[in-house]
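Residue numbers start at 1 and run along the sequence shown. These numbers come from the heavy atoms of this one structure, side chains and all, not from hydrogens, waters or symmetry mates. Atoms within each ligand, like the ligands themselves, are counted from 1 in listed order.
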Amino acid sequence: MALELTIKPDDIRLLCDRVEAAQEGAYAIHKLTDDYPSMTIDDGYAVQAELRQRYLAKGHQLAGWKAGLTSRAKMEQMGVHVPSIGFLTDKMARTESIGIKTSEMVHPRVECEVAFVTKKDLQGPDCTLQDVLDATDYVLPAVEIIDSRFSGFKFDLASVVADNGSSARYVTGKVRLNPRDLDLTKVGVVMKKNGEVVASGESSAVLGHPAEAIAMLVNILAEQDEMLPAGSFVMSGGITEAIPVQAGDAITAEFQILGQVSMTFVA
Ligand code: OOG
Ligand code: MG
């Protein structure tokens, strides 16, 4: 299967120029469908694939993948009701100990996610939850810092897919567990900003089971003639709505059984 495009290759490259410049310059642009109203989700994935090729050509390493818009809280917050995927690079990875620069982003938000690391190749289009569990080496807690490049954090599915699912930064915690050693539908999470609870939820909010989001991601990759190789890091999507952050904020995401992930934001 391949993507079916309605936008010409030259225009895909032009839209990629816009997104790439906004990502690298940390400025907001209007959503791509304002100028290309007929743009489809496949067109969005074509822009995202072009963006991935450009970053890899610049020497960034592919570090994994992320599923997005996989919980009702996220879908309702963003007004987009179809899950999506994006890629992660080594340049997006951050650690708990070093302040994360908000000046490199437009309007960052944080969200708690269960992440997976695989030990077997996964190939769509018929990947199932059980296939994902069988292929999982371990799960770990993660916080994704998303940053839509679209004004007001407002977009439609085709635009957000082209913007690589708002991917910006991510931080992982230290606990690693075999998926057989916990009930992945029952991981409660509490997000605290400067010591106050700002969001809470349970991992079943992600498509009923976070591994379902990984299966969905593998099946979307298959539409692009790609597979998920053994050893991949994959985030399954925000459990709660995303919370805006600014320089000076301290965030702690507390996951039941999986421990916590903390980070601070600096200008
Ligand atoms: C799109 C990215 C969604 C998630 O975990 O749901 C996402 C967005 O909300 O900007 O990463
Ligand atoms: Mg996310």
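For ligand 1, none of its N or O atoms has an N or O atom of Phe153 under 3.5 Å away. At a 3.5 angstrom cut-off on N or O pairs, Thr70 does not count as close to ligand 1. For the pair Leu69 and ligand 1, the shortest N or O to N or O distance falls below 3.5 Å.
Taking the ring axis of Tyr170 as reference, the NZ or CZ atom of Arg94 does not stay both within 45° of it and closer than 6.0 Å to the ring centre.
When side chains are defined from C-beta on, Ile239 does not count as touching Glu111, because their heavy atoms never get closer than 4.5 Å. Residues Ile100 and Met105 have side chains in contact (heavy-atom distance under 4.5 Å, counting atoms from C-beta outward). Between Asp147 and Arg149, the closest side-chain pair of non-hydrogen atoms falls below 4.5 Å. Side chains of Lys186 and Ser204 form no contact here, defined as non-hydrogen atoms less than 4.5 Å apart.
Only the side chain of Glu113 comes within contact range of ligand 1, with a heavy atom under 4.0 Å; no backbone atom does. Of all the heavy atoms of Arg109, none lies under 4.0 Å from any atom of ligand 1, so neither backbone nor side chain is involved.
Each of the atoms 4 (C), 5 (O), 6 (O) of ligand 1 lies under 4.0 Å from some heavy atom of Gly238. Atoms of ligand 1 lying under 4.0 Å from any heavy atom of Gly237, numbered from 1 in the order shown and given with element: 5 (O). The atoms of ligand 1 that sit less than 4.0 Å from any heavy atom of Met78 are 9 (O). Applying the 4.0 Å criterion to heavy atoms of Ile146 picks out, from ligand 1, the atoms 8 (C), 9 (O), 10 (O), 11 (O).
Side-chain contact of Thr252 with Ser262: a donor-acceptor pair under 3.5 Å is present, judged by distance alone. Checked by atom type, the side-chain pair Glu223/Asn219 shows no donor-acceptor distance below 3.5 Å.
Angle OE1(Glu144) to the Mg ion (ligand 2) to OE2(Glu113): 100° [nearest 10 degrees].
Ligand 1 lies nowhere less than 4.0 angstrom from a heavy atom belonging to Met235. Look at Ser148 and you'll find every heavy atom at least 4.0 Å from all atoms of ligand 1.
Looking only at its N/O/S atoms, Glu111 has OE2 as the one nearest to the Mg ion (ligand 2).
Screening Arg169, Lys74, Lys66 for a salt bridge (Lys or Arg N to Asp or Glu O under 4.0 Å) with Glu144, the sole residue that qualifies is Lys66.
Nearest protein neighbour of atom 2 (C) of ligand 1, counting heavy atoms only, is Gly165 O, 3.1 Å. Glu111 OE2, 3.1 Å is the protein heavy atom nearest to atom 7 (C) of ligand 1. For atom 9 (O) of ligand 1, the nearest non-hydrogen atom of the protein is Lys74 NZ, 2.7 Å.
Pro244 and Asp249 make their closest contact through O-OD2, 4.4 Å (heavy atoms, listed as atom of the first residue, atom of the second, distance).
Aromatic pair Tyr138/Phe233: centroids not less than 6.0 angstrom apart.
Salt bridge absent: Glu196 and Lys192 never bring a charged side-chain N and a carboxylate O closer than 4.0 Å.
Nearest to atom 10 (O) of ligand 1 by heavy atom, out of Gly68, Gly79, Ser166, is Ser166.
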